[in-house]
Enquirer: 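Right, I'll just put the structure down here and ask away after.
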2 protein chains.
Amino acid sequence: MSPTTIKVSIFDDHLPLREALSLLLNGTPGYQVGGVYGDPVNLSEKIEANIPDVVLMDISMPEKSGIEAVKELKGLFPHIQVLMLTVFEDEERIFQALCAGASGYMLKNTPPAQLLQAVREVYEGGSPMSPSIARKVLGLLQKFGGKPHSDPYNLTPRETEVLSQLTRGLSTKMIAAELEISYETVRSHLKTIYDKLHVASMTEAVAKALKERLI
Amino acid sequence: MSPTTIKVSIFDDHLPLREALSLLLNGTPGYQVGGVYGDPVNLSEKIEANIPDVVLMDISMPEKSGIEAVKELKGLFPHIQVLMLTVFEDEERIFQALCAGASGYMLKNTPPAQLLQAVREVYEGGSPMSPSIARKVLGLLQKFGGKPHSDPYNLTPRETEVLSQLTRGLSTKMIAAELEISYETVRSHLKTIYDKLHVASMTEAVAKALKERLI
DNA sequence: TTGCGCCTCCCCAGAAAAGGGGATTGAGGA
DNA sequence: TCCTCAATCCCCTTTTCTGGGGAGGCGCAA
């Protein structure tokens, strides 16, 4: 296949880097530099003046952070793919940047060839990330999806089960039917659950259980 | 640098693929095949008999799913890196596999060279993913960290507010006090909330709201 | 003007949940 | 053996929710 030419705009406050990237992209078949900017002020005008396929975005820039810029950009031009290109590799910023709508995250020490590859990948719908970034993203994912908090309230197996039915939205009566025990037994379990969780109603128990991932 | 030789074990129920992978790995300098297995039964024994650096793990296998296997494996040998190698690309399985402890996720249609590269990357602490997988992982991350689901139920501002107090575990009376409106007004809002969410109780409303990130 | 949606408040009857008891099994440990 | 604890079930009273109504005010748009 003959690859389409990808038009890339650059936002970075570091002039030498901007120039190096421009040279690299313009010097490589299949890539073409659109706009090159030192900050994301008046972002919409800059983008509209020269609409790119892919934006390379730094995080630390004067006036406005790259993360804010991504949010704005994706709000206005959802089809433009954003590839973060920064030195930061702390979970917090990675998370924010990706949630803001970036589709890739590369570190600035990435070799040119891989950077070009990453630009193409993000253009083609992939999500290139530097290896260490990818590992951190997995870490974040595991943190969110991670296992239920291991019982900081000493719930018995049965109580846990009742609580879990509660979080499905079932009423006392329905839980009784579901677990094939009597209504009064469910009530009994509920009482001790309330004690242990320090709550006083189904609503509160469900809220606490879901917020603290007890189930 | 001269790359270390990486010892790779393979779990996949598809014989031709096992053989192809073995040939590929053993035929490439820097890679060496450890154990090759058709299923993860007696996993600990298999691993102990021949401890690998990296495990290639299929998901659909007889007897036991690859996801279960990863969980067990990472529990027993946390230092062994697992690279999923499967045909599945649904969010659910990707999520489960990665949460189970896999450090990479490649599709089976990946070209050999990239597969080798992925094995090395996972061995070196990266988290290689096929482009489409990476994009889905980002989607998952955004879903978790992302903003509240933008009102698929057409809740009015006031209703949203009531719902949000509900998810804090407050009772009708408490919400009335909190919002400084009458008890009956809160009830009124609750009724329309129930209608819109298709639920019939506070418990259910809280469960739905928290699970679908409506607040 | 006439609707319409949103927010506000009210009443009533029946259902469900909460709070307070108490009681019986069976398993497992002291 | 005795004791504890999880799990099961029961009763009674009070409080809270639910479901069915209705109704007035306000802002906005047709």
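Per chain, numbering begins at 1; letters A, B, ... match sequence-line order. Note that these values count all heavy atoms, side chains included, but never hydrogens, waters or copies made by symmetry.
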Enquirer: Please write out each protein N/O paired with an N/O of nucleotides 27-30 of chain D under 3.5 Å, distance rounded to 0.1 Å.
Expert:
none

Enquirer: What residue pairs, at least two apart or across chains, pass salt bridge (charged side-chain N to carboxylate O under 4.0 Å, His left out) with a residue in residues 32-52 of chain A?
Expert: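 Pairs touching residues 32-52 of chain A that pass the test: Asp39(A)-Lys46(A).
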
Enquirer: Note the angle between the end axes of the helix from dT1(C)-dA30(D) to dA30(C)-dT1(D), five pairs defining each, rounded to 10 degrees.
Expert: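 Rounded value for the end-axis angle: 40°.
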
Enquirer: For DNA chain D, find the residues of residues 164-177 of chain B with a heavy-atom distance under 4.0 Å and give them by number; none if there aren't any.
Expert: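 Within residues 164-177 of chain B, the residues near DNA chain D are Ser171(B), Thr172(B), Lys173(B).
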
Enquirer: Mind running a 4.0 Å heavy-atom check of residues 192-208 of chain A against DNA chain C and sending the residues that fall below it, in number order?
Expert: Tyr194(A), Ala200(A), Ser201(A), Met202(A)

Enquirer: Got a sec, which residues hit salt bridge (charged side-chain N to carboxylate O under 4.0 Å, His left out) with Glu63(A), two or more places apart in sequence or on another chain?
Expert: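 Partners of Glu63(A) under the salt bridge (charged side-chain N to carboxylate O under 4.0 Å, His left out) test: none.
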
Enquirer: Would you please name every residue forming a side chain to side chain contact (heavy atoms under 4.5 Å, CB included) with Ser171(B), sequence neighbours left out?
Expert: Lys173(B), Met174(B)

Enquirer: Under 3.5 Å, is there an N or O donor on one side and an acceptor on the other linking the side chain of Arg187(A) and the base of dA17(C)?
Expert: no

Enquirer: When you measure from every atom of DNA chain D, which of residues 153-162 of chain B have a heavy atom less than 4.0 Å away?
Expert: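 Hits under 4.0 Å, by residue number: none.
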
Enquirer: If you look only at pairs with a residue in residues 190-201 of chain A, which of them pass as a salt bridge (charged side-chain N to carboxylate O under 4.0 Å, His left out), with sequence neighbours excluded?
Expert: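 Every salt bridge (charged side-chain N to carboxylate O under 4.0 Å, His left out) pair that includes a residue of residues 190-201 of chain A, provided the two are not neighbours, is Glu159(A)-Lys196(A).
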
Enquirer: Just the rounded figure in Å: distance from C1' of dT25(C) to CD1 of Ile181(A).
Expert: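 Whole-Å distance recorded here is 15 Å.
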
Enquirer: Run the side chain to side chain contact (heavy atoms under 4.5 Å, CB included) test against Glu184(A) and tell me which residues pass, sequence neighbours left out.
Expert: Ser182(A), Arg187(A)

Enquirer: Identify, with sequence neighbours excluded, every residue that meets side-chain hydrogen bond (donor to acceptor under 3.5 Å, both in side chains) alongside Asn50(A).
Expert: Lys7(A)

Enquirer: Going by salt bridge (charged side-chain N to carboxylate O under 4.0 Å, His left out), name the residues that satisfy it together with Glu72(B), two or more places apart in sequence or in a different chain.
Expert: Lys64(B)

Enquirer: When all nucleic acid strands are considered with a 4.0 Å heavy-atom cut-off, which category describes Thr185(A): base, sugar-phosphate, or nothing?
Expert: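 Answer is base: heavy atoms of Thr185(A) come under 4.0 Å of a base.
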
